[in-house]
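Each ligand, and each atom within it, is numbered from 1 in the order the structure gives. Worth knowing before you read on, the calculation uses all heavy atoms, side chains too, and leaves out hydrogens, waters and symmetry mates. If you read the sequence from its start, that first residue is 1, and numbering goes on from there.
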Amino acid sequence: MSEKTQAELLSEQLFANEKNAYFEATQQDIDLAYKFCEKYTDFLNKSKTERLFAANTIELAKANGFTEFCPNKKYSAGDKVYVLHRNKAVILCVIGKEPIEKGVRIAAAHIDSPRIDLKPNPLYEAEGLGYFKTHYYGGIKKYQWPTIPLCLYGVIVKSDGEKVEVSVGDKPTDPKFVITDLLPHLAVEQSKRTLNEGIKGEELNILIGSRPFNDDKASQAVKLNLMKLFNEKYGIVESDFQSAELEFVPAFEACDIGFDRSLIGGYGHDDRVCAYPAVMAALNTNAPEKTVVTVLADKEEVGSDGNTGLCSAFMANFFNDLAKQQGTEGYIVLRNSQCLSADVNVAYDPTFSDVTEKNNTAFINKGVCITKYTGARGKSGTSDASAEYMGFIRKLLIDNKVVWQTGELGKVDAGGGGTVAMFIANLDVDTIDLGVPVLSMHAPFEVVSKMDVYMAYRAFYVFFN
Ligand code: MN
Ligand code: MN
């Protein structure tokens, strides 16, 4: 092999050079990455809603020595505690050796994903078919959701206060549900609609049955039969849907993608592909220097408002409780703290390359992506991380051989989006976005790279340790 030219040597030294994780990682790393992703895929399959993700996380945490956080108790280094917040958000905390007034390390991801929710009065019958009316949740391309099998999860609170859990469609033998679409033969008019209107919000009606109640002349015999089934199975009457949270999500399972099995396809990678590695990093952290906190929030996909989203005080309240135990104040802890806002970013898609700017976008297999700012229309609606903090995180990743890259969410003015970063930064915490690049983000079936998932785990782990 010929020697490198002077120009080649100098460019290696001076040019920014993001590399493919397969060329940077050892074979052992690659094996670990694939093993890690098997467990991630399993977890994803049983955690398709924020409630399920939260419950499964708590189960894992308990099995790994975490106990329920008690605001009045005093904790010492190495103690591991959890908070299950209103069944939809989670905080995992490992108490560090340093006093918390010197700051903590936070990884914050969200565990809600775009989906199809039921309206409060969902059930109806039309010409012998039974349906649910829905109101979609989060930023979806509505045309992607018809003609795929859906399953249903959630809770119904009956008028006597009893709560029943609903889960239909996740077992192979369970029935599934579907939103129908028009056949192409008769879609002449529909085809003239814009893509955004191809399927309209009020057309996301879910087919749930067709069999009429047997021997009755009632005008809504199919609806009646369905209601009878619900009543037998859950003990509910129709008005109980008004106090329910019922979510339709894709019924198909996450799986390997590609002949080389290098990718994972599945529903809800955004943002469980960051949440799961952040949880695993917390579980594998023992007696760290600084106290480490993993926050799994709800409601990010609808703007983080509400008492389970990160616009609410639930995270700050936890720090206030923790601070009180150590004789300090929550705001002192927060202003000395550092956060990785763990959320996904767009992965460069060669088929739709014109929305991204190649020098500033994340690529599949180039590692975990750091995003200095998100937002839209000239960096509006974002926390733009400081050079100092970005420098700190870069050094941390380089020193620990974590493969990483930087990426913006698309070209300037091509669109944009936000994460929870700004809400945490607004609490005076140094915050930056770090997460896994995703293909087909917000689709019912999103794609990520196994190496990138593992590098996200490595990033959270070295941040905590
Ligand atoms: Mn996200
Ligand atoms: Mn999202």
Side-chain angles (χ1 to χ4, degrees), residues 40 43-44 47-50 53-54 57 88-90 106-117 136-142 144-145 247 249-250 254 264-279 294-306 308-311 315 339-347 349 355-356 361-362 368-376 381-383 385 407-410 414-425 431-449 452-453 456-457 459-460:
Y40 166 58
F43 197 84
L44 195 61
S47 311
K48 288 183 182 175
T49 67
E50 63 287 352
F53 197 105
T57 299
K88 291 189 268 185
V90 172
I106 306 165
H110 66 92
I111 54 176
D112 61 319
S113 296
R115 60 175 192 253
I116 312 281
D117 282 350
Y136 65 95
Y137 173 97
I140 62 168
K141 291 165 94 174
K142 294 185 279 288
Q144 293 176 334
W145 291 74
E247 309 175 0
V249 294
I264 311 167
Y267 163 69
H269 283 314
D270 178 7
D271 182 33
R272 295 157 191 156
V273 74
C274 297
Y276 179 80
V279 167
T294 296
V295 181
L296 307 179
D298 180 30
K299 294 285 178 279
E300 193 277 343
E301 295 297 356
V302 289
S304 292
D305 289 314
T308 52
L310 274 173
C311 284
M315 186 186 81
C339 174
L340 292 178
S341 163
D343 208 345
V344 298
N345 203 333
V346 58
D349 186 337
V355 297
T356 44
T361 195
V368 68
C369 172
I370 305 182
T371 303
K372 192 169 176 293
Y373 49 84
T374 57
T382 181
S383 108
E408 279 197 39
L409 184 61
T419 65
V420 299
M422 63 176 163
F423 310 121
I424 297 172
T431 307
I432 198 163
D433 274 298
L434 178 144
V436 176
V438 178
L439 291 167
S440 308
M441 195 196 296
H442 283 203
F445 195 74
E446 305 172 312
V447 176
V448 296
S449 134
D452 297 341
V453 177
Y457 164 72
F460 300 129

Minimum-distance N/O/S atom that His442 presents toward the Mn ion (ligand 2):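 Nearest to the Mn ion (ligand 2) within His442's N, O and S set: NE2.
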
Closest Glu301 atom to the Mn ion (ligand 2) [N, O or S only]: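 Looking only at N, O and S atoms of Glu301, the one nearest the Mn ion (ligand 2) is named OE2.
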
Sidechain-backbone polar pair: Asp117 side chain, Tyr137 backbone, donor-acceptor under 3.5 Å: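 Looks like no, no N/O pair under 3.5 Å.
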
Side chain Asp298, main chain Ala89, donor-acceptor under 3.5 Å: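 A pair under 3.5 Å: no.
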
Side chains of His269 and Tyr276, donor plus acceptor under 3.5 Å: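 Tyr276 and His269 do not have a side-chain donor-acceptor pair below 3.5 Å.
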
Within 6.0 angstrom of Tyr136 OH, more than 12 heavy atoms from elsewhere: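 Not more than 12 within 6.0 Å, no.
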
Ion pair Arg115/Glu50, N-O distance below 4.0 Å: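 Salt bridge flag = yes for Glu50 with Arg115.
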
Whether Cys274 has an N, O or S atom under 2.8 Å from the Mn ion (ligand 1):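 Here the distance criterion (N, O or S atom, under 2.8 Å) is not met by Cys274, so no.
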
Name of the Asp270 atom (N/O/S only) found closest to the Mn ion (ligand 1):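 Asp270's closest N, O or S atom to the Mn ion (ligand 1) is named OD1.
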
Name of the Asp343 atom (N/O/S only) found closest to the Mn ion (ligand 1):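 For Asp343, the N/O/S atom sitting closest to the Mn ion (ligand 1) is OD1.
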
